[in-house]
Amino acid sequence: MTEIKAIRGFNDILPGEIGKWQFVENTAREVFEGFGFSEIRIPILERTELFARGIGEATDIVEKEMYTFTDRSGNSLTLRPEATASMARAYLEHQLHSFDPVAKLYCIGPMFRYERPQKGRYRQFYQIDAEVFGVDNPMVDAEVIHMLIHFLRRVGLERLELQINSLGCRECRPRYREELKGFLTKRSFRLCEDCQRRLETNPLRILDCKVESCQEAIAGAPKVTDYICEQCRKHFDRVKEYLAMAGLSFILNPRMVRGLDYYTRTAFEVISYQLGSQNAVTGGGRYDNLFQEIGGLDIPGIGFAVGMERLVSLLPAGKGFVQNPSLFVAALGDEALKEAYRIVSQLHLEGIRAELDYEGKSLKSQMRRADKLKARYVLIFGEEEFKRGRAVLRNMETKSQEEIPLQGVLNTLKKRIIGD
RNA sequence: GUGAGUGUAGCUCAGUUGGAUAGAGCACUGGGUUGUGGCCCCAGUGGGCGAGGGUUCGAGUCCCUUCACUCACCCCA
């Protein structure tokens, strides 16, 4: 029998680290709700077409990274590679705009992309998504970014860098694209192999190529922000203004490019230099064309996705996320063990973490286990005391112990455990 | 999809120019204290060296193939 292991890029999150995940999720819920967002849960499977149209046929995600299969009735389905398209679909399908044109939604859950795993990148990975549909006012751009930064601070992350850029709209971006292409074509002999190809497929991507010779070739290249139209320029100026009003500092990165087709105007990323090569903890932006691609209505949107495993990996180690038992009951002898079981069961009903040894091992080994589990108290429940109607309660930290009567043990224990 | 690195007990690793029953520390179990933890001491369980093939009298050590993991590229959270 060969051992069955989890498939490539799919990881288990074990009890030792789950505390961090719960902490991050709880903080996100609290912060986002405070900013007026509501949770939405969407399916993990969608019709392939939703992503193909929403994200863009020519993107890497759609071209080579989707988990797509045909179900038993012949429909092409895809495990969601991101949440935004599904959230937009849900918004349209249930006509949420008829309740209020502005919808502030967030969603937490796994995404799937068939990529080669590496540090900070897995085939199943978790994202926290927040989106605002229905407003294109720059004030919302700033508000969303403000919420994001506030969330990251609440989670305890320091030394992060907020980068912003404007990608222009469908009117002005093509102009810039041509301009850039023209500039780079003259210097194409200095570009790496990948960038030679990108010159045709996606010239903007060349801007953040890491190859040195490419960086040199890019020097002096036209900047997006110099080519965007009047409306886009105004929009971007207001975003910066509102960000400043919120007291946020940011770095303008005219070379930041987003890989999904639907992004327009504001784009942003939060970078950590403590991560590996995949250093974006979160990324997002405005997408005023997405809705038209998938449904027809002209609804603007803006949002971001936080990469949970990247975020969790930045959290300080330890920090009391592990839950330890409050009480360990060490019983000796069958009768005492039965009584111990009764007591522990009662404590569980009160929500008190209590453990006992089921195997009837020696007191020494039970004490060892209690110590290993870092139990605060041990109730020693031997046959002698049991006959006398008493038990010994030991405080594992102070090493002091006292004899308590069996009558009313539950109350005594509750008082001791909850009391301090 | 491409490239590089790694693959020996649950974990971290050591295994000399291929040589005799594969090691250490930690962890685990038991004992030293016939009913008491974390330190210490003693003992024990546990792998046949990712898998398959080859070279050889003999391979964890050499060659080939394959798989897995890691990091990086592409791209993204």
Side-chain angles (χ1 to χ4, degrees), chain A residues 2-3 5-9 11 55 58-65 81-84 108-130 148 192-195 197-198 201-202 205-206 208-211 256-260 263 267-272 275-285 303-314 328 330-333 336 357 359-386 391-401:
Chain A
T2 45
E3 190 188 3
K5 294 199 278 193
I7 57 184
R8 158 173 275 201
N11 301 119
I55 299 170
T59 57
D60 276 26
I61 292 183
V62 173
E63 267 182 4
K64 53 183 201 191
E65 295 172 5
E82 57 118 47
T84 310
I108 301 176
M111 306 298 156
F112 305 85
R113 266 130 81 165
Y114 192 90
E115 299 181 86
R116 193 83 155 242
Q118 72 184 71
K119 191 181 173 71
R121 171 195 289 160
Y122 310 98
R123 288 183 171 183
Q124 173 173 333
F125 59 103
Y126 292 80
Q127 285 190 335
I128 302 175
D129 274 84
L148 170 62
C192 70
E193 214 175 304
D194 285 326
C195 286
R197 178 176 51 77
R198 288 182 184 128
T201 58
N202 191 353
R205 272 252 86 88
I206 299 174
D208 63 6
C209 180
K210 287 157 190 163
V211 177
M256 186 175 75
V257 181
R258 313 257 66 219
L260 283 58
Y263 283 114
F268 55 92
E269 270 182 15
V270 176
I271 306 293
S272 166
L275 288 170
S277 170
Q278 308 304 324
N279 63 358
V281 182
T282 135
F304 60 78
V306 177
M308 289 257 276
E309 25 290 270
R310 291 182 191 178
L311 175 50
V312 166
S313 76
L314 290 172
F328 187 96
L332 296 167
D357 187 277
E359 311 292 346
K361 290 189 179 166
S362 71
L363 182 61
K364 182 195 184 94
S365 101
Q366 294 194 53
M367 290 300 286
R368 274 190 187 153
R369 191 153 96 95
D371 184 60
K372 187 178 65 188
L373 297 176
K374 296 191 172 65
R376 268 198 297 153
Y377 288 96
V378 175
L379 185 69
I380 299 165
F381 215 42
E383 281 166 299
E384 286 174 28
E385 293 91 343
F386 188 64
V392 173
L393 183 63
R394 178 177 175 88
N395 181 320
M396 293 296 273
E397 243 175 85
T398 66
K399 298 181 185 176
S400 65
Q401 53 186 52

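Since the model is a prediction, treat every value here as computed from it, not as a measurement. Letters A, B, ... are given to chains in the order of the sequence lines, protein chains preceding strands, and every chain is numbered from 1. Keep in mind that the numbers below use all heavy atoms, side chains included, and drop hydrogens, waters and symmetry copies.
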Mind calculating the distance between CG (A:Leu363) and P (B:G30) to the nearest angstrom? 12 Å
With A:Phe328, which of A:Leu379, A:Val378, A:Ile380 fulfils side-chain contact (heavy atoms from CB on, under 4.5 Å)? A:Val378
Picking from B:G35, B:A77, B:C75, the nucleotide nearest the side-chain atoms of A:Phe125 would be B:A77
Pairwise C1' distance for B:U34 and B:A22, with rounding to whole Å: 40 Å
Looking at B:U16, which nucleotide sits across from it as a Watson-Crick or G-U wobble partner, both distances under 3.5 angstrom, or is there none? none
Could you check which of B:C69, B:C74, B:U36 has an atom nearest any side-chain atom of A:Arg198? B:C74
So CZ of A:Arg310 and OH of A:Tyr126: to nearest 0.5 Å the spacing works out to 15.5 Å
To the nearest 0.5 Å, what is the distance between CG (A:Asp357) and CZ (A:Arg369)? 5.0 Å
P gap between B:U2 and B:G48, integer Å: 32 Å
Which nucleotide, in any strand shown, forms a Watson-Crick or G-U wobble pair with B:G38, with both distances under 3.5 Å? none
Using Watson-Crick or G-U wobble geometry with both distances under 3.5 Å, which nucleotide pairs with B:A51? B:U65
A:Gly283 vs A:Lys364, nearer the 5' end of RNA chain B by closest nucleotide: A:Lys364
Where does B:G48 fall, syn or anti, if syn means a chi angle no more than 90° from 0? syn
Minimum-distance pair of heavy atoms, taken over all atoms of A:Arg123 and A:Pro117: NE-CD, 4.2 Å
Mind checking the C1' distance from B:G3 to B:C11? Whole angstroms is fine. 30 Å
Judged by each residue's nearest nucleotide on RNA chain B, which is more toward the 5′ side, A:Met367 or A:Glu309? A:Met367
To the nearest 0.5 Å, how far apart are CD in A:Gln127 and CD in A:Glu309? 9.0 Å
Could you walk me through whether A:Met396 and A:Arg376 pass the side-chain contact (heavy atoms from CB on, under 4.5 Å) check? CA-CA 6 Å; A:Met396 293 296 273; A:Arg376 268 198 297 153; over 6 Å; no
Pick the C1' atom in B:U56 and in B:C40, then give their distance to the nearest Å. 49 Å
May I have the distance from A:Arg123 (atom CZ) to B:C74 (atom P), rounded to whole angstrom? 18 Å
What's the gap between B:G10 and B:C67 when it is taken at their C1' atoms, as a whole Å value? 22 Å
Does A:Ala370 reach a base, just sugar-phosphate, or nothing at all? Heavy atoms under 4.0 Å. nothing
Atom pair distance, as rounded to whole Å: CG in A:Leu332 and P in B:U34: 12 Å
Would you mind classifying the nucleic acid contact of A:Lys64 as base, sugar-phosphate or nothing, using non-hydrogen atoms under 4.0 angstrom? base
Given the structure, check if the side chain of A:Lys399 and the base of B:G38 hold any donor-acceptor pair shorter than 3.5 Å. yes
P spacing across the pair B:C62 / B:U6, given as an integer number of angstrom: 12 Å
Think A:Arg369 has a side-chain N or O under 4.0 angstrom from the OP1 or OP2 of B:U29? no
Just by modelled atom types, is the A:Ala331 backbone N or O under 3.5 Å from a matching donor or acceptor in the A:Gln366 side chain? yes
Could you tell me whether the side chain of A:Arg121 has a donor or acceptor atom within less than 3.5 Å of a complementary atom in the base of B:C75? yes
Side-chain N or O of A:Gln127 versus OP1/OP2 of B:A77: is the shortest distance under 4.0 Å? no
Below 4.0 Å: OP1/OP2 of B:C75 and any side-chain N or O of A:Arg258: no
I need the CZ-P distance between A:Phe328 and B:G38, as an integer number of Å. 14 Å
Counting any heavy atom closer than 4.0 Å, what does A:Lys374 reach on the DNA or RNA strands: base, sugar-phosphate only, or nothing? nothing
Measure across A:Gln124 and A:Pro110 and return the closest heavy-atom pair with its distance rounded to 0.1 Å. NE2-CB, 3.5 Å
Could you tell me whether the phosphate oxygens of B:G35, OP1 or OP2, come under 4.0 Å of any side-chain nitrogen or oxygen in A:Gln366? no
Separation between CD (A:Glu397) and OH (A:Tyr377), nearest 0.5 Å, reads 9.0 Å
A:Glu383 CD to B:U36 P, straight-line distance once rounded to whole Å: 14 Å
Using 0.5 Å steps for rounding, measure from the CG atom of A:Asp60 to the CD atom of A:Glu115. 8.0 Å
Pairing of A:Glu82 and A:Arg113 as salt bridge, 4.0 angstrom limit: no
Look at A:Gln118 and B:C73 and indicate whether a side-chain polar atom (N or O) is within less than 4.0 Å of OP1 or OP2. yes
Could you tell me how far apart A:Arg368 (CZ) and B:A27 (C1') are, to the nearest whole angstrom? 13 Å
Quote, to the nearest angstrom, the C1' distance that separates B:C26 from B:G53. 37 Å
Scan every strand shown for a Watson-Crick or G-U wobble partner of B:U70, both distances under 3.5 Å, and answer none if you come up empty. B:A4
From A:Thr59 OG1 over to A:Glu65 CD, what is the distance, rounded to the nearest 0.5 angstrom? 8.0 Å
Nucleotide N/O to protein N/O under 3.5 Å, stretch nucleotides 2-9 of chain B:
| residue | atom | partner | partner atom | Å |
| --- | --- | --- | --- | --- |
| B:U2 | O4 | A:Arg116 | NE | 3.4 |
| B:U2 | O4 | A:Arg116 | NH1 | 2.9 |
| B:U2 | O4 | A:Arg116 | NH2 | 3.4 |

Sugar-phosphate only, base, or nothing, as touched by A:Val378 at under 4.0 Å among non-hydrogen atoms: nothing
Tell me if the side-chain of A:Glu385 makes a donor-acceptor pair with the base of B:G35, cut-off 3.5 Å, by modelled atom types. yes
Base, sugar-phosphate, or nothing for A:Tyr122, non-hydrogen atoms under 4.0 angstrom? base
Strand partner of B:G46, provided both Watson-Crick or wobble distances fall under 3.5 Å: none
Spacing of A:Phe304 atom CZ relative to B:A77 atom C1', expressed in whole Å: 12 Å
Looking at A:Arg394 and B:G37, is any side-chain donor or acceptor paired with a base atom of the opposite kind under 3.5 Å? yes
Please determine whether a side-chain nitrogen or oxygen atom of A:Ser362 lies at a distance below 4.0 Å from atom OP1 or OP2 of B:G31. yes
Measuring only the P atom in each nucleotide, how far is B:A20 from B:C49? A whole number of Å is fine. 15 Å
Atom pair distance, as rounded to whole Å: NZ in A:Lys372 and P in B:G38: 12 Å
Scan A:Glu82 against the nucleic acid and name what it touches under 4.0 Å (heavy atoms): base, sugar-phosphate only, or nothing. nothing
What is the nucleic acid contact for A:Ser365, judged by heavy atoms within less than 4.0 Å: base, sugar-phosphate only, or nothing? sugar-phosphate
Heavy atoms under 4.0 Å, any strand shown: does A:Glu269 hit a base, just sugar-phosphate, or nothing? nothing
Which base, if any, makes a Watson-Crick or G-U wobble pair with B:C11, both distances under 3.5 Å? B:G25
Mind checking if A:Gly120 touches a base, just sugar-phosphate, or nothing, with heavy atoms under 4.0 Å? base
